[in-house]
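Contents: one structure, followed by commentary.
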Amino acid sequence: MNKVINQINQISSKADLQLVINALRQKQNELNAQAVMNAKASFRVGDEVLCRSSAGVERAIIKEMKIKKAVIEIAGKLYNCRLDMLEAA
């Protein structure tokens with residue numbers, strides 16, 4: 001990884017830097033899509049999950065699955081939650 005960072009630091013033109021930025025964004029999108037696919041494959045409506053949020057970790061039940069989010073119920077209230085914030089209970 002240090003070799004990659006050193007090579008990035010040696011970039012001298014803005015055009016070359018933009019190529020690197022575009023490649024990184026594309027890879028980030030691919031990794032995010034893979035994470036969503038893995039989460040969708042492991043969660044189903046009705047599953048009990050743990051939701052990590054700024055309030056801490058709370059138990060929830062999945063009520064609806066969307067493309068990148070799930071509708072979850074915590075203490076009788078419904079919330080839209082990103083799939084990467086959920087863990088199996």
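Not measured: the values here are computed from a predicted model.
- Take Glu58 and apply the side chain to side chain donor-acceptor pair (under 3.5 Å) test, not counting sequence neighbours, and it matches no residue.
- Formation of a donor-acceptor pair under 3.5 Å by the Asn6 side chain with backbone atoms of Asn2 is found in this model.
- Looking at residues two or more places apart in sequence or on another chain, you find no side chain to side chain donor-acceptor pair (under 3.5 Å) involving Lys68.
- By the side-chain contact (heavy atoms from CB on, under 4.5 Å) test, Leu17 is found to be paired with Ile11, Ile21, residues two or more places apart in sequence or in another chain being considered.
- Not counting sequence neighbours, the partners of Ala60 by the side-chain contact (heavy atoms from CB on, under 4.5 Å) test are Val49, Ile72, Ile74.
- Using a 4.5 Å cut-off between side-chain heavy atoms of Ile, Leu, Val, Met, Phe, Trp and Tyr, Leu31 forms no hydrophobic cluster with any other residue.
- Residues meeting the side-chain contact (heavy atoms from CB on, under 4.5 Å) test with Glu30, sequence neighbours left out: Gln26, Lys27.
- The stretch residues 70-79 participates, sequence neighbours left out, in these side-chain hydrogen bond (donor to acceptor under 3.5 Å, both in side chains) pairs: Lys63-Glu73.
- Listed by chain and number, the residues in a side-chain contact (heavy atoms from CB on, under 4.5 Å) with Ala89 are Glu48, Leu50, Arg59 (sequence neighbours excluded).
- Nearest heavy-atom pair across Ala70 and Leu83 is CB-CD2, 3.8 Å.
- Nearest heavy atom pair, residue Ile62 against residue Met65, reads CG2-SD, 3.7 Å.
- For residues 78-89, the pairs satisfying salt bridge (charged side-chain N to carboxylate O under 4.0 Å, His left out) are Arg52-Glu87, Arg82-Asp84, with sequence neighbours left out.
- For Asn38, the side chain to side chain donor-acceptor pair (under 3.5 Å) partners are Gln34, not counting sequence neighbours.
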Test side chain to side chain donor-acceptor pair (under 3.5 Å) applied to Asn22 and Gln18, step by step
CA-CA 6 Å; Asn22 290 341; Gln18 192 61 46; 3.2 Å; yes

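- Cluster annotation: Met37 and Ile67 are assigned to distinct hydrophobic clusters (Ile/Leu/Val/Met/Phe/Trp/Tyr, side-chain heavy-atom contacts under 4.5 Å, transitive).
- With sequence neighbours excluded, the residues satisfying side chain to side chain donor-acceptor pair (under 3.5 Å) with Asn80 are Lys66.
- Taking 4.5 Å as the limit, some side-chain heavy atom of Cys81 sits within range of a side-chain heavy atom of Leu86.
- For residues 5-25, no pair satisfies salt bridge (charged side-chain N to carboxylate O under 4.0 Å, His left out), with sequence neighbours left out.
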